[in-house]
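The structure under discussion appears below in the form of structure tokens.
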Amino acid sequence: MPEPISFVWPLAGGLLVGLSAGLYLLLNGRVAGISGLTAAATGLSKGAPRTLDLLFIAGLLGGAALASALIRRPEVQITSDIWLLVLGGLIVGFGTRWGSGCTSGHGVCGLARLSPRSIVATGVFMAVAALTVFVTRHLLGGLA
């Protein structure tokens with residue numbers, strides 16, 4: 001299969017994410033934040049696991065698997081120790097619970113709804129991400 005113009009796949013993915021988040025809000029009345037959906041689908045949040053949330057997460061994973069199979073497999077190179085990756089994942093998980101949402105909940109859904117809390121949260125995590133890249137690449141000599 002010939003490779004289309006490089007912006008087509010990210011654009012299609014972004015449109016699908018926006019469409020699914022919008023439909024989830026319209027049809028279910030809830031924001032499609034992935035950390036919250038995952039907690040609800042697995043029963044880690046209050047109440048019993050919710051089937052719709054589980055289906056949404058399954059759709060995300062299935063869509064990624066389908067895109068990988070049909071389009072191309074992503075080239076993944078792990079350059080850090082596994083303990084750093086685990087620690088980073090735990091910190092991100094803690095941050096999404098502490099911040100009452102993740103990048104999808106605040107960045108995609110919250111900004112689209114002009115939520116003041118999401119505007120602040122997105123600004124904070126984008127600034128921290130930029131600072132982290134600067135520190136690890138320029139001050140610590142490319143640790144990451």
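All values reported here derive from a predicted model rather than from experimental measurement. When a residue number appears, it is its place in the shown sequence, counting from 1.
For the salt bridge (charged side-chain N to carboxylate O under 4.0 Å, His left out) condition, the pairs that include at least one residue of residues 30-44, sequence neighbours left out, are Arg30-Asp53. Within the structure, side chain to side chain donor-acceptor pair (under 3.5 Å) contacts touching residues 82-92 (residues at least two apart or in different chains) are Asp81-Trp83.
The CG atom of Leu84 sits 9.5 Å away from the CD1 atom of Ile91 when rounded to the nearest 0.5 Å. Here Leu61 contributes atom CG and Leu66 contributes atom CG; the two are 12.5 Å apart, rounded to the nearest 0.5 Å. Atom CG of Leu15 is separated from atom OG of Ser20 by 10.5 Å, given to the nearest 0.5 angstrom. Between Leu37 atom CG and Leu55 atom CG the span is 11.0 Å, to the nearest 0.5 Å.
Each of Met126 and Val92 belongs to its own hydrophobic cluster when Ile, Leu, Val, Met, Phe, Trp and Tyr are linked at side-chain heavy-atom distances under 4.5 angstrom. Linking Ile, Leu, Val, Met, Phe, Trp and Tyr residues whenever their side-chain heavy atoms come within less than 4.5 Å leaves Leu16 and Ile34 in two separate clusters. Hydrophobic clustering (side-chain heavy atoms under 4.5 Å, transitive across Ile, Leu, Val, Met, Phe, Trp, Tyr) groups Leu52 together with Leu60.
Looking only at side-chain heavy atoms (C-beta outward), Thr132 and Val135 stay at 4.5 Å or farther from each other. Residues Val31 and His106 form no side-chain contact, since every pair of their non-hydrogen atoms from C-beta on lies 4.5 Å or further apart.
Ring geometry for Phe56 against Tyr24 counts as perpendicular: the plane angle is over 60°, on a 0 to 90° scale with 30° as the lower cut.
Members clustered with Leu111: Ile119, by chain and number, using a 4.5 Å side-chain heavy-atom cutoff among hydrophobic residues.
What you find for Ser118 and Gly105 is that their closest heavy atoms are OG-O, 4.4 Å.
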